[in-house]
Amino acid sequence: MTTGITQDISKVATALQQGLAVGIPTETVYGLAANGLNEDAIASIFSIKGRPTSNPLILHFFSLLQAQPFVEAFHEDLLLLEKNFCPGPITFLVPKTGLVPELITAGLPRVAVRFPSHPVLRDLLASLEFPLAAPSANRYGAVSPTDAHQVQQQLDGEIPWVLDGGLCSYGLESTIVGMEEDKVVIYRHGSIPLDELSVVLGYIPAIKNQANASPLAPGMVKYHYAPNTPLKYFENSVQAKERVGYLFIQHIPEGFPPMQCLALSQEGDLREVARNLYRSLIEMDAQGFDELYIEKPLPEGLGLTLLDRLNRATAKFG
Ligand code: TXA
Ligand code: MG
């Protein structure tokens, strides 16, 4: 099988109806999608990604209405978030009904549902009669792709199509939330930062995303999002060296060769840093440097999400 990049939604819909997995654009990162109600199609996602079936998948719906048959209850605080942020980059962990295949939830009591905003994906979802199960379209443990070409590079020969929706506008995965003791809890920092959720809720949700919190906590394997080239945090004591690549948030310090450096945002805007992060990591990874260094973002707003990903990406090389 060769993997084509296409803008033709009907070709991709046909492949999905046949039970095949395909690459899809979302506003966060590209996904590896299949019919979320077809056990064989779901199973193929795990084998293509090399992901253990103990790690459950998000179901993507056009809207809350389509998700209703699969969801037992949607707490009013989650409804409030849904009203404010959906369609958009937030995922809800909610009690499931018997219609959700076991493989989707890895036997857990809740199902993860998301209502994406990417217009191309929304057109695709509107043309289908089933939800799309989709993890990020990277190989297990690797950096998530944020354009169609990077999906093709990671999964070439494994899927017939990548649906091209351009560059992901957020560039980081969705924020995952659920309820515990009548309050919203954040299970994964994501594209919607903690402070924006707090403003809408009128309280600050607890964060339960520690690698060691519980094996059932979502997506919280310790090493993740990692390039092949060893990645470390940049400290001020780090000197410019040959054959080493540097990723800075905004300013490239004096004495660092521009050919080895990349600024993630000219304006120092965290939305732009987020949008460029994974793509830049994948690009720098391909350049054959011995090591990569990346500047640490401040732990505020989207910086919390960036830090979460970079802590996991650098943990492998610590
Ligand atoms: O932005 C996103 O959410 C992207 C795009 C493609 O939608 N998807 C994504 O999926 O990041 P994935 O599989 O790479 O990460 C979803 C995380 C997983 O780590 C999984 O463990 C957790 O959500 N998760 C999914 N269903 C769950 C469930 N029923 N209970 C607990 N955790 C769950
Ligand atoms: Mg992922």
Side-chain angles (χ1 to χ4, degrees), residues 16 21-39 41-46 48-49 51-64 66-72 74 78 81-82 85-97 99-118 121-122 124-125 128 130-138 140 144-146 151 163 165 168 170-179 184-192 208-209 216-221 224-225 305 308-309:
L16 287 165
V22 298
I24 55 159
T26 89
E27 69 278 21
T28 58
V29 299
Y30 272 70
L32 173 61
N35 179 345
L37 303 181
N38 173 334
E39 296 271 354
I42 302 165
S44 76
I45 292 177
F46 290 98
I48 291 170
K49 249 184 98 96
R51 166 162 164 155
T53 50
S54 56
N55 196 348
L57 302 175
I58 298 174
L59 281 182
H60 298 68
F61 294 90
F62 184 80
S63 73
L64 186 57
Q66 276 73 34
Q68 227 101 62
F70 303 91
V71 173
E72 198 59 64
F74 219 89
L78 297 183
L81 296 179
E82 190 273 336
F85 298 110
C86 292
I90 183 164
T91 295
F92 303 95
L93 262 187
V94 287
K96 64 175 182 184
T97 68
L99 292 179
V100 179
E102 282 288 294
L103 254 185
I104 291 289
T105 56
L108 295 169
R110 291 186 288 183
V111 60
V113 297
R114 156 154 148 68
F115 316 108
S117 62
H118 194 294
L121 175 55
R122 290 185 66 70
L124 175 65
L125 284 169
L128 298 170
F130 46 80
L132 290 176
S136 47
N138 52 290
Y140 191 59
S144 310
T146 53
V151 179
L163 181 57
C168 299
Y170 286 90
L172 296 171
E173 290 83 353
S174 61
T175 304
I176 303 182
V177 296
M179 298 303 300
V184 171
V185 170
I186 296 179
Y187 297 106
R188 177 175 75 181
H189 284 300
S191 281
I192 299 194
K208 297 208 174 172
N209 71 339
L216 304 186
M220 291 310 150
V221 278
H224 204 348
Y225 315 104
T305 306
D308 173 85
R309 301 304 189 271

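In this text, all values refer to a predicted model and were calculated from it rather than measured experimentally. Values below: all heavy atoms of this structure, side chains included; hydrogens, waters and symmetry mates excluded.
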Query raised in the report: Does any donor atom in the side chain of S174 or T91 lie under 3.5 Å from an acceptor atom in the other side chain?
Result: yes
Report summary line: Rounded to the nearest 0.5 angstrom, the CZ-CG distance for F130 and N38 is 8.0 Å
Report summary line: So OG1 of T105 and CG of L59: to nearest 0.5 Å the spacing works out to 9.0 Å
Query raised in the report: Under the 3.5 angstrom rule, does the side chain of T305 hit a backbone N or O of S191 as a donor-acceptor pair?
Result: no
Query raised in the report: In Å and rounded to the nearest 0.5 Å, what is the OG to CG distance from S44 to L32?
Result: 7.0 Å
Query raised in the report: For the side chain of E27 and the backbone of S117, is there at least one donor-acceptor N/O pair under 3.5 Å apart?
Result: yes
Report summary line: OG of S144 to CD of E173, rounded to nearest 0.5 Å, is 4.0 Å
Requested in this report: Evaluate the side-chain proximity of C168 to H118: yes if any heavy-atom separation is below 4.5 Å, no if none is.
Outcome: no
Report task. Side-chain contact test, heavy atoms from C-beta onward, threshold under 4.5 Å: evaluate it for V177 versus I192 and give yes or no. Result -> no
Query raised in the report: Within the distance-only criterion (no hydrogens, no angle test), does the side chain of R51 pair as donor or acceptor with the backbone N or O of P56 below 3.5 angstrom?
Result: yes
Query raised in the report: What residue pairs, at least two apart or across chains, pass salt bridge (charged side-chain N to carboxylate O under 4.0 Å, His left out) with a residue in residues 53-64?
Result: none
**Report entry** Note, L163 side chain near P25 side chain (heavy atom, < 4.5 Å)
**Finding:** yes
Query raised in the report: Atom CD1 of I42 and atom CG of L37: how far apart are they, to the nearest 0.5 Å?
Result: 7.0 Å
Report summary line: To the nearest 0.5 Å, atom CG of L121 lies from atom CG of L132 at 6.5 Å
Query - Sub-4.5 Å side-chain heavy-atom contact between L103 and F46 - result: yes
Query raised in the report: Are any non-hydrogen side-chain atoms of V113 and F74 less than 4.5 angstrom apart?
Result: yes
**Report entry** Set of side chain to side chain contact (heavy atoms under 4.5 Å, CB included) partners for P145, sequence neighbours left out
**Finding:** Y30, A137, N138, Q150, V151, Q154
Query raised in the report: Just by modelled atom types, is the P101 backbone N or O under 3.5 Å from a matching donor or acceptor in the K96 side chain?
Result: no
**Report entry** Heavy-atom donor-acceptor pair, R114 side chain to I176 backbone, under 3.5 Å
**Finding:** no
Report task. For R188 and N209, indicate whether the former's side chain and the latter's backbone hold a donor-acceptor pair under 3.5 Å. Result -> no
Query raised in the report: Just wondering, do T175 and H189 contact through their side chains at under 4.5 Å, heavy atoms?
Result: no
